[in-house]
Amino acid sequence: MDHSCTDDVRQALEDYKNAVASAPDAGAAFRIAEQAAARLIGHQLFTIMAFHAETMEVERCHSSNPDKYPTGGRKQKRDTAWGHHVLEQGQHYIGYNADDIRRSFDDHAVIQDLGLESVLNIPIEENGRAVGTMNLLDKAGYYHEGQVDIARVIANTLAGVLQNRSSQRR
């Protein structure tokens with residue numbers, strides 16, 4: 001599914017932002033983001049991770065497959081190329097195939113068992129710093145650069161949601 005920035009896409013993104021702004025809680029906002037990403041980009045697995053900069057860990061806050069990827073799970077990203085690229089530099093990451101997934105993620109076997117061989121990771125940023133990531137996975141070769149701008153809008157709309165969630169848990 002590839003959508004250029006047509007009037008329909010712009011309207012869908014505006015509707016999405018309004019829905020997130022009026023969501024009653026973080027869980028509802030994450031479900032709205034999952035639905036928007038499915039409609040505008042596509043995915044078989046969708047997760048939202050909060051970034052804990054002090055420990056260089058990401059923590060799963062939302063998953064479209066809670067049986068295989070339950071919320072609360074943490075992954076260490078210190079001294080990883082992926083962590084440097086996405087979390088520290090704020091760059092998106094596209095893994096095009098199973099080899100890319102294997103090189104970047106310790107849980108590559110679980111991902112492969114789900115039949116997923118490509119990934120689009122988008123940092124969720126506030127004030128130029130990553131506060132989390134939005135992660136979409138699908139069949140090999142599914143993701144490409146043309147999807148990044150739409151994904152960034154979806155992801156960055158969640159920055160305040162993640163920040164509020166983090167401050168409420170302290």
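Since the structure is predicted, the reported quantities are computational estimates derived from the model, not experimental observations.
- Proximity of Ile101 to Leu116: side-chain heavy atoms (C-beta onward) are nowhere separated by under 4.5 Å.
- Legend: residues meeting salt bridge (Lys or Arg N to Asp or Glu O under 4.0 Å) with Arg31, ordered by chain and number and at least two apart, are absent.
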With side-chain contact (heavy atoms from CB on, under 4.5 Å) as the criterion, how do Val161 and Asp25 come out once you've worked through the C-alpha distance, each side chain's angles and the decisive distance to 0.1 Å? CA-CA 8 Å; Val161 175; Asp25 56 42; over 6 Å; no
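- Once rounded to the nearest 0.5 Å, the distance linking NE2 of His144 with OG of Ser118 reads 10.0 Å.
- Inspection of the Gln11 and Asp15 side chains reveals an N or O donor paired with an N or O acceptor under 3.5 Å.
- Side-chain atoms of Leu162 and Phe30, non-hydrogen and from C-beta on, do get closer than 4.5 Å to each other.
- Using a 4.5 Å heavy-atom threshold, the side chains of Ile94 and Glu145 count as touching.
- The minimum heavy-atom distance linking Ala33 with Leu158 is given by the pair CB-CD1, 3.7 Å.
- The CG atom of Leu40 sits 11.5 Å away from atom CD of Gln35, with the distance rounded to the nearest 0.5 Å.
- Following chains of ILVMFWY side-chain contacts shorter than 4.5 Å, one cannot reach Tyr69 starting from Ile124, and the two form parts of different hydrophobic clusters.
- Remark: the backbone N or O of Tyr96 is not paired with any side-chain donor or acceptor of Tyr143 at under 3.5 angstrom.
- Applying the side chain to side chain donor-acceptor pair (under 3.5 Å) rule to Thr133 yields the partners Asn135; only residues at least two apart in sequence or on another chain are considered.
- The two residues Tyr16 and Ile154 come nearest to each other via the heavy atoms OH-O, 2.7 Å.
- Pairs engaging residues 112-139 under the salt bridge (Lys or Arg N to Asp or Glu O under 4.0 Å) rule: Glu125-Arg152 [sequence neighbours left out].
- Taking CD from Gln147 and CD1 from Ile122, the interatomic distance works out to 9.5 Å, rounded to the nearest 0.5 Å.
- Take Phe46 and apply the ring-ring contact (aromatic ring centres under 6.0 Å, His included) test, not counting sequence neighbours, and it matches His43, His62.
- Lys68 is linked by a salt bridge (Lys or Arg N to Asp or Glu O under 4.0 Å) to nothing, counting only residues two or more places apart in sequence or in another chain.
- Here the OG atom belonging to Ser63 is positioned 9.5 Å from the CE atom belonging to Met49, to the nearest 0.5 angstrom.
- Taken to the nearest 0.5 Å, the NE2 atom of His52 stands 7.0 Å off from the CD atom of Glu57.
- Counting heavy atoms from C-beta on, the side chains of Leu136 and Leu45 never come closer than 4.5 Å.
- For the pair Phe51/Lys77, no side-chain contact is recorded, criterion being any heavy-atom separation below 4.5 Å from C-beta on.
- Within 6.0 Å of CG on Asp107 lie more than 12 heavy atoms contributed by other residues, nucleotides or ligands.
- Taken together through direct or relayed side-chain contacts under 4.5 Å among Ile, Leu, Val, Met, Phe, Trp and Tyr, Ile111 and Trp82 form part of one hydrophobic cluster.
- In this structure the side chain of Arg103 never reaches within 4.5 angstrom of the side chain of His108, judged on heavy atoms.
- Residues passing the side chain to side chain donor-acceptor pair (under 3.5 Å) test with His85: none are found, sequence neighbours excluded.
- Scanning both residues, Met134 and Ala151, for their nearest heavy atoms gives CE-O, 3.4 Å.
- Leu137 contributes atom CG, which lies 12.0 Å from atom OH of Tyr142 (distance to the nearest 0.5 angstrom).
- Arg60 contributes no side-chain N or O that, together with a main-chain N or O of Arg74, makes up a donor-acceptor pair within less than 3.5 Å.
- Here the shortest heavy-atom pairing between Ala29 and Ala23 reads N-CB, 3.7 Å.
- Neither side chain, Tyr93 nor Asp100, offers a donor N or O lying under 3.5 Å from an acceptor on the other.
- Considering only heavy atoms from C-beta on, Gln44 stays 4.5 Å or farther from Leu114 through its side chain.
- Across all non-hydrogen atoms, the minimal contact from Thr80 to Gly83 is OG1-N, 2.9 Å.
- A 4.5 Å side-chain heavy-atom check between Phe105 and Val119 finds at least one atom pair inside the cut-off.
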